[in-house]
Amino acid sequence: MPQTNTPRLLLLPGDGIGPEVIGQVKRVAAWLAEHADLQLDIEERPFGGTSYDLYGTPLSDEARDLALSSQAVLMGAVGGPQWDAVPRDKRPEAGLLGLRKAMDAFANLRPALCFEALADASTLKREIVAGLDIMIVRELTSGVYFGDKGIDNNTPSGEKRGFDLQVYTQSEIERVARVAFELARSRRNKVTSAEKSNVMDSGLFWRQVVTALHARDYPDVQLEHMLADNAAMQLVKNPKQFDVIVTDNLFGDILSDEASMLTGSIGLLPSAALSTAGRPGLYEPVHGSAPDIAGKGLANPLAAILSFGMALRWSLGRPDLDQRLYAAVTAALDKGVRTGDLGGRNTTSEMGDAVLAAL
Ligand code: IPM
Ligand code: MG
């Protein structure tokens, strides 16, 4: 029996390649438990479509409550074509959004780091991406994802319409911007805030709130405002101009997928979603469930392993082990081990083997 003060990590492997990549995390965690004095109580629950098939809901109350009483939650992936016909509120993605909301995991940290061994794997030129180290801070529990939405059948004109409302309160903007400013201070001290203040009132409001917070509490940090479309363009033109990018839920979703390709593959990008101090963090690889390769042992487990590293750093009190995992991943890539997303032929478990060997 684990001791009561042993931190709990809840694994939610989910759908598609989720169980395979989380499988490699389990091997890494077992190794660290044995060799690096990592004390963890690891639990696991079905999530997403897998949970829907079992219980008729993508996020069971029991899994949600366990998540809320854990120190960290590590998700694999959710979704797949087999759930396309399921009503929206029962879809795998609804389980993920519900979990983010329940955990109040508002600050989504999505680092985009280019490993030296992969500088040639990017679709961009080596000199554009080599040495890249940027951090996207995406607001994760509000905005258009959570505003009023619907498909209207009885409008006055009789024409149908669909809508999703973008709403941000002052405190929602302030708290995520604060995380970005704090992070910048420990990095290269620059924050780029991205919105569409030229067409959206909520974007104008976002800019005003960030400007005021900056003047009040973070005048020492360099702040730049950028329209989100320009930010998308600048990310491929000259990504190294950025340090920390803070942006809303929808733009953050898009810009972080874009940033992932700078690093060679979306199969490498970890993420952390943090709440207020003392609450559990939610960790997810940025990649999706990749139904086309699911179950074939071809997925890249590195994003999941690096997400576990972020959990060790931000929620489980072992930043030293995050550093060790990062070094082990670097070493595995330096050795030339490559899964299909990186243009190679190694399997999921061979990549796991390489990380373990490097540890
Ligand atoms: C992500 C994903 C999710 C999102 C989906 C699966 C709901 O794309 O985490 O980036 O849109 O937030
Ligand atoms: Mg996304």
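Note that ligands are numbered from 1 as they come in the structure, with each ligand's atoms numbered from 1 the same way. All values derive from a computational prediction rather than experimental measurement.
Counting heavy atoms closer than 4.0 Å to ligand 1, residue Met75 contributes nothing at all.
In this pair, Tyr168 and Trp206 present their aromatic rings perpendicular. The plane angle is above 60°, beyond the 30 to 60° band.
For the pair Arg138 and Tyr145, the distance from NZ or CZ to the six-membered ring centre is under 6.0 Å and the angle to the ring normal is within 45 degrees.
Other residues, nucleotides and ligands contribute at most 12 non-hydrogen atoms within 6.0 Å of the CD atom of Glu34. Counted within 6.0 Å of CG on Leu54, heavy atoms from surrounding residues, nucleotides or ligands total more than 12; the atom is thus considered enclosed.
Closest to atom 4 (C) of ligand 1, if we only count protein heavy atoms, is Tyr145 OH, 3.4 Å. Arg110 NH2, 3.4 Å is the protein heavy atom nearest to atom 1 (C) of ligand 1. Of the protein's heavy atoms, Asp253 OD1, 2.8 Å lies nearest to atom 10 (O) of ligand 1.
A salt bridge is defined here as a Lys NZ or Arg NE, NH1 or NH2 lying under 4.0 Å from an Asp or Glu carboxylate O, and Glu350 with Arg338 fails to meet this definition.
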Requested in this report: Apply the test side-chain hydrogen bond (donor to acceptor under 3.5 Å, both in side chains) to residues Ser197 and Arg207: give CA-CA distance (whole Å), side-chain angles for both, the deciding distance (0.1 Å), then the verdict.
Outcome: CA-CA 7 Å; Ser197 55; Arg207 186 180 285 225; 3.2 Å; yes

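Under the 3.5 Å distance criterion, the side-chain polar atoms of Asn108 are matched with a main-chain donor or acceptor of Ala272. The backbone N or O of Arg8 lies less than 3.5 Å from a partner atom in the side chain of Gln71, making a donor-acceptor pair.
Of all atoms in ligand 1, numbered sequentially from 1 with element shown, those under 4.0 Å from a heavy atom of Arg138 are 1 (C), 4 (C), 9 (O), 10 (O), 11 (O), 12 (O).
Take the Mg ion (ligand 2) and draw a sphere of radius 2.8 Å; the protein N/O/S atoms inside it number 1.
Asp164 and Gln166 share no side-chain donor-acceptor pair at under 3.5 Å. Glu258 and Ser256 share no side-chain donor-acceptor pair at under 3.5 Å.
Annotation: Glu93 places no N or O atom under 3.5 Å from an N or O atom of ligand 1; distance criterion only. Remark: ligand 1 and Asp257 share no N or O pair separated by less than 3.5 Å (distance only, no angle test).
Residue contacts with ligand 1 do not include His287, since none of its heavy atoms lies under 4.0 Å from the ligand.
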